[in-house]
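Have a look at the structure below, then the notes.
Reckoned from all heavy atoms, side chains included, excluding hydrogens, waters and symmetry mates. All values reported here derive from a predicted model rather than from experimental measurement.
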Amino acid sequence: MLLYHGTCIENAISIMNNGFDFKKSGKNWGSTYGNGIYFTPNYETARFYAESNGIVLSLNIDITEYHL
């Protein structure tokens with residue numbers, strides 16, 4: 001499943017180098033629906049959250065069935 005994450009360039013570089021940092025969740029738009037890291041299947045939505053000087057990261061997520 002292809003998902004998008006809109007963010008500023010500084011955060012995008014950090015994500016690409018170090019992965020997502022859950023300690024940063026809840027900053028900026030990351031608290032709109034509660035603390036978290038948000039993804040969308042819609043590029044235009046991610047572009048909105050990246051704002052005019054940000055970047056959109058695309059992630060190919062493999063969703064598999066989980067069993068306990």
With rounding to the nearest 0.5 Å, note down the distance linking [atom1] in [X] to [atom2] in [Y].
X     : Y     : atom1 : atom2 : value
Glu51 : Thr7  : CD    : OG1   : 9.5 Å
Asn11 : Phe20 : CG    : CZ    : 10.0 Å
Phe48 : Tyr43 : CZ    : OH    : 14.5 Å
Tyr49 : Tyr38 : OH    : OH    : 8.5 Å

Under 3.5 Å, side-chain donor or acceptor atoms of residues 52-60 against the rest of the protein: list the pairs with distances, not counting sequence neighbours.
none

Check the hydrophobic clustering (I, L, V, M, F, W, Y; side-chain heavy atoms under 4.5 Å; chains of links allowed) and say if Met16 and Leu2 are grouped together.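 No: no chain of side-chain contacts under 4.5 Å links Met16 to Leu2.
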Residues in side-chain contact (heavy atoms from CB on, under 4.5 Å) contact with Asn42, at least two apart in sequence or another chain: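 side-chain contact (heavy atoms from CB on, under 4.5 Å) check on Asn42 returns Thr40, Glu44, Thr45.
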Minimum heavy-atom distance between Tyr4 and Pro41, given as atom pair plus value: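 Closest pair (atom of Tyr4, atom of Pro41, distance): CE1-O, 3.6 Å.
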State, with a plain yes or no, whether a side-chain heavy atom of Asp62 is found less than 4.5 Å away from one of Met1.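 Counting from C-beta outward, Asp62 and Met1 never come under 4.5 Å.
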